[in-house]
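Residue numbers start at 1 and run along the sequence shown.
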Amino acid sequence: MDHIVITGGNRLQGEVPISGAKNSALPILASTILGGGECVITNLPRVVDVLTMGKLLGMLGATVVHEGNRAVIKADAIHSTEAPYDLVKTMRASVLVLGPLLARWGEAKVSLPGGCAIGSRPVNLHLAGLAKLGADISIEHGYITATAKRLKGARIYCDTPTVTGTENLMMAASLAEGTTVIENAAKEPEINDLSEFLCRRGARIAGAGTDILTIEGVQELQGGDHDVIPDRIEAGTHLVAGAITRGDVTITNCRPAHLEALLMKLREAGADIQAGHDRVRIRVTGRLKGTDIRTLPFPGFPTDMQAQMVAVMALAEGTSVVTETVFESRFMHVEELRRMGADIRVEGNRLIVTGRPTLTGAPVMASDLRASAGLILAGLAAEGTTEVQRVYHLDRGYERIEEKLRAVGAVIERRKARTSPTMR
Ligand code: EPZ
């Protein structure tokens, strides 16, 4: 397993180009199942999860030509409606093929995703919504089996705004008979991006970005082209890299409107931020001030930026209270940051972060995608060398992170795993 080695202390300066959004690419790729026409998807991030989704579509029988940031997909005939455990266990977002398979082919068998480092990650709201649309659903031997002659429009209320749940149900309802209303829908920008792509292919969806979606089912969807929106979490991560190193960093090819909550918090902490049409410049000269963070569904502060903000608050002046309201155990980065000298107390779903003047480099272990990012950021500012192990977590969602950071002055490199010393 590769690891990333960072020598901290450099102020980052320069421009970081942002790649396409992983969490938009995944539902958009899954939605190609909904029609037989050719789909050309561009601005795909070169990350493992996108490759995995392409592989899954191929396993189902779609023709997938995936080169770099572009994929051409044709799902006119498929030969399987099963997403197997061995693949789903590597990427829980595989559940996004459930709605499209059921809507287009009347059946789907998808392995239950199971939990992960950040929580139990149930899919009960996905299943309850599909049942409302008329699907017969059973769970046996760790698999979801869903069948429906033809889905019928219904009124669905989601107990909590679920991003992939809203996406699954929006895709399924696109081909249902009649009208579907999804209340308490998720409002993340990735929902808008998917809705735009589906409407371009003939779907009739209104309300994306609000908490009430109305979908008029149609007989079929055509093919279509789509340029994936920029990744707001990658953008936020590189902005925090500029902040934590007291640098001067401009992120380009981004959508500042998707970053509002983060920009507000960084300004509150004392960062100088200028937002342009498709770029944001952050400058930090002195020590940032501690700031309270509460993660919430969009447009609230994104849970996917919580670990990164804890890292920068660990070096801020004063105390920050960080409340994680979206997932039940998204604090895997805390123990590792403590090993770098961070002063963090865990109280239920809250962290009490008392800023320290410095952190010290250390060997640390990545546990999930965003926790890994938090550790990289801490390493950029720590005194000495930090070695982040198990960086395969990072590769799931960040395109060339060490190259992008090195280009703005970080001393960072990826090293192939040493083979463990043979037992003598
Ligand atoms: C999406 O996950 C993102 N993944 C996550 O990003 C992100 O953290 C999350 O949304 C929240 O913004 C993708 O888009 C591929 P949810 P998702 O359903 O859809 C509960 C990353 O790092 N819930 O919005 O799985 C759930 O337990 C990843 O890029 C149910 O109870 O998250 C959680 O508490 C990590 N029942 C809350 O809702 C359900 O059926 C929000 O989860 C579904 C969800």
Side-chain angles (χ1 to χ4, degrees), residues 12-26 28 42-47 49-50 69 163 187-194 209 227-245 247-269 271-284 288 293 295-313 369-377 380 394-410 412:
L12 302 192
Q13 292 185 294
E15 289 194 358
V16 181
I18 299 304
S19 303
K22 162 181 85 82
N23 290 349
S24 189
L26 296 176
I28 281 172
T42 49
N43 198 33
L44 287 169
R46 291 178 220 211
V47 296
D49 276 7
V50 168
N69 301 103
V163 174
K187 300 184 272 193
E188 274 67 8
E190 293 75 30
I191 307 277
N192 285 53
D193 207 27
L194 174 62
D227 203 48
V228 172
I229 57 170
D231 193 314
R232 60 195 170 95
I233 305 302
E234 186 201 15
T237 302
H238 285 292
L239 277 176
V240 172
I244 203 168
T245 59
D248 179 355
V249 167
T250 299
I251 56 169
T252 60
N253 311 331
C254 69
R255 294 267 183 97
H258 296 168
L259 296 163
E260 275 311 318
L262 174 69
L263 299 184
M264 291 271 288
K265 282 296 166 183
L266 288 170
R267 284 192 178 107
E268 198 178 300
D272 170 28
I273 290 180
Q274 289 149 358
H277 168 64
D278 62 354
R279 56 187 48 219
V280 178
R281 180 178 183 183
I282 185 167
R283 278 178 291 185
V284 172
L288 290 174
I293 307 281
T295 67
L296 286 168
F298 194 88
F301 188 92
T303 175
D304 290 350
M305 283 300 304
Q306 182 252 112
Q308 298 91 315
M309 279 306 277
V310 169
V312 70
M313 291 294 111
L369 173 53
R370 306 308 175 181
S372 323
L375 297 177
I376 295 277
L377 296 174
L380 292 174
L394 262 181
D395 296 337
R396 295 188 48 184
Y398 286 97
E399 180 174 336
R400 301 180 293 115
I401 191 166
E402 70 271 14
E403 288 175 33
K404 293 189 181 185
L405 289 170
R406 192 161 44 237
V408 286
I412 182 171

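- For Glu190 and Ser24, the side-chain atoms include no donor-acceptor pair closer than 3.5 Å.
- Minimum interatomic distance between Gly236 and Leu259 (heavy atoms only, all atoms of both residues): N-CD2, 4.1 Å.
- Residues Asp227 and Asp193 approach most closely at O-OD1, 4.3 Å, considering heavy atoms.
- At distances below 3.5 Å, at least one donor-acceptor pair connects side-chain atoms of Thr245 with backbone N or O atoms of Gly242.
- Applying the salt bridge (charged side-chain N to carboxylate O under 4.0 Å, His left out) test to residues at least two apart or on different chains, the pairs with a partner in residues 249-265 are Lys265-Glu268.
- Expressed to the nearest 0.5 Å, how far CD of Gln13 lies from CG of Asp248 amounts to 6.0 Å.
- No donor-acceptor distance shorter than 3.5 angstrom exists from the side chain of Arg46 to the backbone of Glu399, with no hydrogens or angles considered.
- Taking each heavy atom of Ala373 and Leu394 in turn, the nearest pair found is N-CD2, 3.9 Å.
- Residues Thr252 and Pro17 share a closest heavy-atom pair of OG1-CA, 3.3 Å.
- Every pair passing salt bridge (charged side-chain N to carboxylate O under 4.0 Å, His left out) that includes a residue from residues 14-25 is listed here, sequence neighbours excluded: Glu15-Arg279, Lys22-Asp49.
- Judged purely by distance below 3.5 Å, without hydrogens or angles, the side chains of Ser19 and Asp231 never pair a donor atom with an acceptor atom.
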Would you list the atom pairs, donor with acceptor, under 3.5 Å between side chains in residues 297-310 and any protein atom, with sequence neighbours excluded?
{"from": "Thr303", "atom 1": "OG1", "to": "Glu324", "atom 2": "OE1", "distance (Å)": "2.9"}
{"from": "Thr303", "atom 1": "OG1", "to": "Glu324", "atom 2": "OE2", "distance (Å)": "3.1"}
{"from": "Thr303", "atom 1": "OG1", "to": "Arg330", "atom 2": "NH1", "distance (Å)": "2.8"}
{"from": "Asp304", "atom 1": "OD1", "to": "Arg330", "atom 2": "NH1", "distance (Å)": "2.7"}
{"from": "Asp304", "atom 1": "OD1", "to": "Arg330", "atom 2": "NH2", "distance (Å)": "3.0"}
{"from": "Gln306", "atom 1": "OE1", "to": "His333", "atom 2": "NE2", "distance (Å)": "2.8"}
{"from": "Gln306", "atom 1": "NE2", "to": "Glu324", "atom 2": "OE1", "distance (Å)": "3.1"}
{"from": "Gln306", "atom 1": "NE2", "to": "Arg330", "atom 2": "O", "distance (Å)": "2.9"}
{"from": "Gln308", "atom 1": "NE2", "to": "Thr237", "atom 2": "OG1", "distance (Å)": "3.1"}
{"from": "Gln308", "atom 1": "NE2", "to": "Asp304", "atom 2": "O", "distance (Å)": "2.9"}
{"from": "Gln308", "atom 1": "NE2", "to": "Tyr398", "atom 2": "OH", "distance (Å)": "3.3"}

